[in-house]
Every structure is written in structure tokens, then in C-alpha cells.
Amino acid sequence: MSNNVLVVAEMREGTLKKMCFELIGEGKRIADELDGAVDAVVLGHEVSDKMEPLAHYGAKKIYVADDPALANYTAEGYTNVLARLIKETEPILVLIGASTQGKDLAPRLAARLALGLASDCTGFEVRDGELLITRPIYAGKAIATVKEETTPYMATVRPNVFTPLELDTSLAAQVEEIPADAGEVRAKVKDMIKEAGERIELTEADIVVSGGRGLKGPENFALIEELAQILGAAVGASRAAVDAGWKHHSYQVGQTGKVVTPTLYIACGISGAIQHLAGMKTSKYIVAINKDPDAPIFRVADYGIVGDLFKVVPVLTEEFKKMKAEG
Ligand SMILES: Cc1cc2nc3c(=O)[nH]c(=O)nc-3n(C[C@H](O)[C@H](O)[C@H](O)COP(=O)(O)OP(=O)(O)OC[C@H]3O[C@@H](n4cnc5c(N)ncnc54)[C@H](O)[C@@H]3O)c2cc1C
């Protein structure tokens, strides 16, 4: 067993996701305490010229599995390649982003290797040579500290929780090609259909503007979208808005939706039910706009605006537009 941390770097459309650098930053901090290094592994096709940023953010060694069969993610193919690498290199810890892909991949990989897995983790601490991992449980009502009984330790990491190290373009990494045989893949990706328009991924967004039942109808989401556009934010929704058919489930924030950890979360016409809070409570700054001064959302909000969202949101949008125009 080495003292190295292995980060599974996820790509989307040939570009490394921002969360890879967050995982490398935290992975390096943990590895430093254990006198190890942080390494990364990239799976895909024609990716060899896309990996440099991993080195610039601190990866010491980059393993690359490059094969047409790995161009699109499949749980089986990626598990086959990664299980071989982990068995061979024996890292102390494997970090995978808690993205849709990571949440699909990590449990299968852990089961294949007969390892424990801590999911959606938000903190790591090395104490007396052991790794203690923190993760929210019971929809964020409590924080559990877990110690895995198997090694390599495995964890999926919540995006936007850790800060990447400073980019240093003078850093270089050793690149090693690894066997890219995906093996038998029973479920094949035949087509990837992109949603119309560019949509910022909710779970990775730095700013999220969400709308709830207070919007009164699907057409009024235009207000949320306009504010989001000017802020470069992703749009989210409460379950009430999703259940009413105003937005697709992929927009839902909360216990049965997505967990977001942006720097800024703006909740418009959302009451703040515990199940909604489970998906956004760990945002750095929360702004709530609600006409009811007793709405529970104000208990978690850093800034609260008691008022009619139909009046407040357009004013905010106008003000941000002006600020943007002024530079
Ligand atoms: C098992 C389970 C899982 C769940 N999972 C989720 C989940 O993942 N995500 C989620 O969001 N919910 C989830 N829920 C539902 C949750 O309990 C709430 O019902 C839901 O979050 C309410 O959505 P809302 O805040 O938009 O609506 P409401 O609770 O109806 O709140 C609407 C708010 O809008 C305000 N308002 C109305 N008009 C205006 C106006 N003109 N200006 C300003 N404010 C206005 C009101 O004062 C009110 O506070 C779950 C529930 C269960 C039981």
C-alpha cells in the first residue's frame, strides 16, 4: 500500500471538470500529511493533450487510459480499467467527484474491489495516521464522521466544497499510459443528446438562482432565468415547482433532487422546507426572497428580503445589469 491519493478526473466533452482540481487540492493536502503524493487518472479517447491542467494544479503523476471504447462513460468499462489500476498501484485513498457520473461509478468500483465507500463527503482529517471522513447525513441534519475499515479508502466528494490550489504552470507531472481495455461492456452508450441551449450544471455552479411555488406558474420562471443569466448562474427549482410540471426534475434542488454548494444561492418564493434545505444549506451565502417574514428559509439565509418576488427580482436584475454595464 502506498501513501498516495488517486483522483479520478472526470471530463465532459473533452474538458476536465472544475471539480477535478478541487479534488486534487484536497487530495494533495491529505497526501502531504501522509508523506505521499496526489496522482490523477483520466479515461477517455484522444485525451493526451487535455491533461496538463491536472499537473498545474498539483498532480504528481497522471495515469491515462486512452481508447475509443472509453470515449463515452460506461460504468462497466470505466470500472474494469480503474479496478486494475487501483489493485496495481494500491493508493491509500481514491477520490471521485460526487457528480452524476461519480455517483454511478464509485459504488460499482467499491463493490468490485470489496471496499467501503463514503459518499458525498465534505471533510477529511488525518488523525494518528488514520483517515476520518465527514459527510452530511439525514438530509443534512447531522454530520457523521466515518472511518472506513478497508483500504484503499474510497470517497465521493461533494463539488464546490474544496478550493483548488493555486494554478502553477511551471509544475509538470509524469504521464503513464495504462491498459485501456474496457472489457465486456453490456450497456453501450448509443447517442448523447444535448439539451437545447447552454445550461450551467447545477451541481458545479458558483451561483444558483432557484424558484419555488411562489412563482405561481411556469411562465414566471422567466424572471428567474433573466436574473440567472445576468449573474452567470444556474437555475434551480423546488420540488413543488417540479411536481407542478413547471421545470424538469433535473432542476430540482433538495433531498430528492440535486445537492448544490455554490458561493451564492438565491431562493425566490421558496419556503425552506427541510427537504429543500438538504440540497442547498451548505451554500456559502444564501439570499432568500419571500413575502412571508416567518418562512423557514430566513433561518438559514445570510440575507433576507421580505417582499413580493414579482417586484424584488426585476429590480435586482436591473441593478445587476447596471453594475455589469458599468464594469
Ligand atoms: C420525501 C420528500 C422528499 C422531498 N424532496 C424535496 C426536494 O428534493 N426538494 C424540495 O424543494 N422539496 C422536497 N420536498 C418537498 C418539501 O417538503 C416542500 O413541499 C417543498 O420544498 C415546497 O416547495 P416551495 O418552497 O416551492 O413551496 P411552498 O412551501 O408552497 O412555499 C412557497 C413560498 O413562496 C412564498 N411566496 C408566495 N408568493 C410569493 C411572492 N409573490 N413573493 C415572494 N414569496 C412568495 C410563500 O410565502 C412560501 O413561503 C420533499 C418532500 C418529501 C416528503
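Order of appearance sets the numbers: ligands from 1, and atoms from 1 within every ligand.
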> Tyr57 vs Phe21 aromatic rings, parallel, tilted or perpendicular, using cut-offs 30° and 60°?
Replying inline: parallel
Rounded to the nearest 0.5 Å, what separates atom [atom1] in [X] from atom [atom2] in [Y]?
{"X": "Ile270", "Y": "Ser210", "atom1": "CD1", "atom2": "OG", "result": "5.0 Å"}
{"X": "Thr317", "Y": "Lys322", "atom1": "OG1", "atom2": "NZ", "result": "12.0 Å"}
{"X": "Asp104", "Y": "Thr156", "atom1": "CG", "atom2": "OG1", "result": "12.0 Å"}

>> Given Arg158, which partner from the list Thr122, Asp120, Thr203 fulfils the side-chain hydrogen bond (donor to acceptor under 3.5 Å, both in side chains) test?
In response: Asp120
> Which atoms of ligand 1 are found less than 4.0 Å from any heavy atom of Gln255?
Replying inline: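 That gives atoms 7 (C), 8 (O) of ligand 1.
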>> Under 4.0 Å from a heavy atom of Lys216: which atoms of ligand 1 are those, numbered in the order shown and with their elements?
In response: 37 (C), 38 (N), 39 (C), 41 (N)
> With distance as the sole criterion, is a donor-acceptor pair present between the side chains of His45 and Asp67 under 3.5 Å?
Replying inline: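 Distance-only check fails for His45 and Asp67.
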> Just checking, is any N or O donor in the side chain of Asn160 or Lys18 under 3.5 Å from an acceptor N or O on the other one?
Replying inline: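 A pair is found: one side chain offers a donor N or O, the other an acceptor, under 3.5 Å apart.
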Considering both backbone and side-chain atoms of [X], is one of its nitrogen or oxygen atoms within less than 3.5 Å of a nitrogen or oxygen in ligand 1?
{"X": "Gly272", "answer": "no"}
{"X": "Gly212", "answer": "no"}
{"X": "Gly269", "answer": "yes"}

> Which is it for Val253 and ligand 1 at heavy atoms under 4.0 Å: side chain, backbone, both or neither?
Replying inline: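 For Val253, only backbone atoms sit under 4.0 Å from ligand 1.
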>> Can you tell me which portion of Ala273 lies within the under-4.0 Å heavy-atom range of ligand 1? Options are side chain, backbone, both, or neither.
In response: side chain
>> Can you report which non-hydrogen protein atom sits closest to atom 47 (O) of ligand 1, along with the distance?
In response: Asn290 OD1, 2.7 Å
> Looking at atom 45 (C) of ligand 1, what's its closest protein heavy atom, distance included?
Replying inline: Lys291 CG, 3.7 Å
> Can you find a non-hydrogen atom of Gly307 under 4.0 Å from ligand 1?
Replying inline: yes
> Does some non-hydrogen atom of the protein lie less than 4.0 angstrom from atom 19 (O) of ligand 1?
Replying inline: no
